[in-house]
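For reference, the structure is listed below as structure tokens.
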2 protein chains.
Amino acid sequence: MNLKQLSEMLGLSQTTVSRALNGYPEVNEATRERVLRAVQETGYRPNKAAQRLATGKAGSIGLVMPTAPGHYSDVHFGEFLTGLGEEAVRHDFHFVIMPADPDDEVGALRRLAISGNVDALFVAYMRGHDPRLPLLKSLSMPFLVHGRSFGIEPDYPYLDIDNEGAFYDATRLLLQLGHTRFCLLNGPEHLDFAIRRKKGVVSALAERGLELPENCTSHMSMTDEHGQFAMERFLQLPEPPTAILCSSTVLALGAIRAVTQAGLKLGEDISLIAHDDVLPHLKPENFSVPLTTTRSSLRAAGVRIAERLIGTVKQDGPFPEQELWKTELIVRASTGAAPR
Amino acid sequence: MNLKQLSEMLGLSQTTVSRALNGYPEVNEATRERVLRAVQETGYRPNKAAQRLATGKAGSIGLVMPTAPGHYSDVHFGEFLTGLGEEAVRHDFHFVIMPADPDDEVGALRRLAISGNVDALFVAYMRGHDPRLPLLKSLSMPFLVHGRSFGIEPDYPYLDIDNEGAFYDATRLLLQLGHTRFCLLNGPEHLDFAIRRKKGVVSALAERGLELPENCTSHMSMTDEHGQFAMERFLQLPEPPTAILCSSTVLALGAIRAVTQAGLKLGEDISLIAHDDVLPHLKPENFSVPLTTTRSSLRAAGVRIAERLIGTVKQDGPFPEQELWKTELIVRASTGAAPR
DNA sequence: GTTCGTTGTCAAAGCGCTTTGGAATTTCGG
DNA sequence: CCGAAATTCCAAAGCGCTTTGACAACGAAC
């Protein structure tokens with residue numbers, strides 16, 4: 001069933017039917033009623049490809065999903081996507097997901113953009129000096145960035161959380177509890193959030209005249225295995241840390257395993273604060289020792305990003321170009337006074 | 001840059017350029033070279049919407065992502081998607097993801113299908129007597145199902161793992177170890193895999209004249225919280241179980257917490273076997289007591305499904321219509337002889 | 001009774017691509 | 001050197017939709 005058939009069936013022209021469907025005013029209410037009823041009965045749906053070809057829009061936002069053999073799927077990605085989806089479904093938008101090797105993000109993004117398949121672009125996993133940003137700016141297509149790119153003038157639309165502030169606050173709390181030997185379990189070194197979180201820790205320590213030694217920070221993709229591995233290394237240092245900052249509850253899962261296996265008590269021998277993306281399957285309050293966390297819902301960020309992006313495409317704006325969300329520091333049992 | 005401009009630039013007709021690009025034989029090699037070079041230089045890419053309109057194909061497979069406020073994002077979904085993506089990227093295919101309320105799966109699927117935006121459909125989270133199956137069959141569009149639908153003649157293309165066999169084998173192992181009191185921590189009741197796994201357990205027990213009482217099975221979405229909650233209930237039964245079967249390592253995570261908090265020893269007081277989808281962030285060998293599991297990689301299934309689906313669209317077939325993968329039963333430390 | 005807005009409708013052009021049916025050119029056997 | 005076959009290219013139609021510009025039909029206004 002296409003427009004032509006439908007209009008013939010109704011004895012109307014395609015124009016009139018199209019207008020009736022798209023809510024144009026210059027069509028008789030009775031006629032519109034009749035058309036709408038026919039659509040109900042026949043189950044007619046406009047062909048999106050044709051619609052896109054004609055209008056240049058088709059209600060889709062594009063994103064690149066990093067994937068490759070050997071590349072870990074990221075729990076955080078799924079959670080974020082759910083948030084995007086939750087909002088998109090309300091507007092009958094969909095996503096075009098282009099899987100791409102992480103080494104070819106720029107190429108994939110360009111292909112996606114000029115494929116004429118999407119109305120707007122979304123990018124995440126920002127890096128320092130991210131090469132996608134110049135591309136995006138040159139593309140004359142709406143886009144929105146989750147995170148920011150350290151080292152590049154923030155003159156692009158983004159939504160980010162205050163990573164630096166979060167880890168600054170967390171570090172200060174641990175300092176107040178008397179800790180002096182810190183370690184940081186961070187995400188991959190090149191990623192923007194990792195850079196900023198480290199910065200937060202370093203500057204809080206600096207205020208007390210302390211440093212974060214190179215061998216007390218570890219950068220890795222955020223799996224529990226990596227967390228355990230790194231924590232084991234930390235515990236073997238000549239002066240092992242008493243305070244741990246951790247970029248994800250997933251990392252914390254592994255790190256805590258290492259702590260326990262070393263016969264240490266979390267919240268007594270070792271204090272730990274993790275960043276909590278509010279992953280539904282991994283709640284900090286459910287850890288055997290409930291975790292003190294800096295919290296910001298990844299999913300909520302997804303919802304908001306979809307909202308802004310869709311709004312931009314539909315020209316519902318204006319939206320704030322930049323948003324920086326504060327995180328909450330929630331104290332639970334994994335932090336305690338430094339052992340003496 | 002579009003075809004017309006490109007062809008004018010080259011002094012050729014659109015036809016010739018199009019043919020040169022799409023590998024048709026009736027074009028001079030020298031001409032083809034020239035066209036290809038021009039494409040390189042200009043960065044020309046065909047408009048997918050136009051291509052789709054003209055050919056009816058555009059290299060995309062559609063899937064519905066269940067999502068709603070309050071609906072848990074599912075780790076398994078992300079992992080599976082990564083597998084799909086890994087294969088799709090090799091063929092320059094992409095996904096169109098339509099988010100939809102779980103209550104409106106059928107409607108969303110229909111909309112996606114007749115939107116003219118996808119070449120093939122993929123569905124997962126199959127239920128018993130799944131209403132999407134009749135729809136899919138009536139749609140005259142290639143599709144592939146992950147899982148099966150209990151109660152419907154399996155005359156549709158699917159890829160599934162042998163859920164019943166897996167849990168049958170796991171139960172037998174526990175029986176051989178002398179266990180007699182079993183509990184099953186299962187996924188949502190209406191889902192096909194849950195139905196079959198339960199069936200596997202029940203039939204293995206039946207062979208020994210045992211039953212699985214109603215209050216010894218629990219159906220819920222697979223988060224660690226639910227796992228813990230259900231396990232706590234099981235442990236309060238008048239005759240608590242010594243053997244646990246568990247539909248996911250995520251559930252196991254919570255269940256084990258409950259076991260530990262009850263002061264029981266895993267692998268001694270309680271034996272547990274979980275199904276392992278090979279989630280990279282949750283490896284059974286990394287549990288404090290390494291987990292005995294039935295294993296089948298969800299990601300590998302994703303790769304295979306994409307391979308078949310893309311092959312079908314490209315008419316590369318023939319592919320087997322149905323595939324049933326065996327799982328591996330891997331014994332680790334979480335299973336031991338029944339306590340006496 | 002003519003003119004002028006309104007209102008409801010339509011025919012046709014155009015979006016960027018593929019593909020059909022033919023035309024122009026080249027090749028080659030006889 | 002001619003006619004047929006093979007090669008190389010082109011003009012135009014068509015995919016399903018939106019949108020522009022125009023046209024009847026109808027009162028209202030002069």
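Every heavy atom of this structure was used, including side-chain atoms; hydrogens, water molecules and symmetry mates were not. Each chain gets a letter, A, B and so on, in the order its sequence line appears, and its residues count up from 1. Nothing here was measured: the structure is a model prediction, and the numbers come from that model.
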Tell me if a side-chain donor or acceptor on A/N117 pairs with a main-chain N or O of B/A49 at a distance below 3.5 Å.
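Such a contact is absent between A/N117 side chain and B/A49 backbone.
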
State whether A/R308 and A/E323 are salt-bridged, where the test is any N-O pair (Lys NZ or Arg NE/NH1/NH2 against Asp/Glu carboxylate O) under 4.0 Å.
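A salt bridge is present here (some side-chain N lies under 4.0 Å from a carboxylate O).
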
I want to verify a distance call: between [options], whose nearest atom is closest to the [X] side chain?
{"X": "A/Y44", "options": "C/dC17, D/dC17, C/dG8", "answer": "D/dC17"}
{"X": "B/T31", "options": "C/dT9, D/dC9, D/dC17", "answer": "D/dC9"}
{"X": "B/R19", "options": "D/dC17, D/dT20, D/dC10", "answer": "D/dC10"}

Using heavy-atom distances to pick each residue's nearest nucleotide on DNA chain D, tell me which of B/T55 and B/L12 is more 5'.
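Going by which nucleotide is closer to the 5' end, it is B/L12.
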
Comparing B/L53 and A/S13 on DNA chain C - which has the more 5′ nearest nucleotide:
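By nearest-heavy-atom nucleotide position, the 5'-most residue is A/S13.
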
Does a distance-only test, which skips hydrogens and angles, find a donor-acceptor pair under 3.5 Å between the side chain of A/T15 and the base of D/dT19?
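Donor-acceptor pair under 3.5 Å: yes.
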
Whole-Å distance separating the CG atom of A/N2 from the P atom of D/dT18:
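In whole Å, D/dT18 P and A/N2 CG are 12 Å from each other.
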
Check the distance between C/dC15's C1' and A/N117's CG and give it to me in whole angstrom.
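It works out to 15 Å between those atoms.
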
Just to confirm, is there a sub-4.0 Å distance from OP1 or OP2 of C/dG16 to any side-chain nitrogen or oxygen of B/N47?
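No, no such contact exists.
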
Looking only at side-chain N and O atoms, does A/Y24 come under 4.0 Å of OP1 or OP2 in D/dT19?
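Result: yes.
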
If you round to the nearest 0.5 Å, how far is CD1 of B/I161 from CG of B/L324?
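Between B/L324 CG and B/I161 CD1, I get 8.5 Å after rounding to 0.5 Å.
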
State whether the number of non-hydrogen atoms from other residues, nucleotides or ligands found under 6.0 Å of B/K137 atom NZ is greater than 12.
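Correct, the count exceeds 12.
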
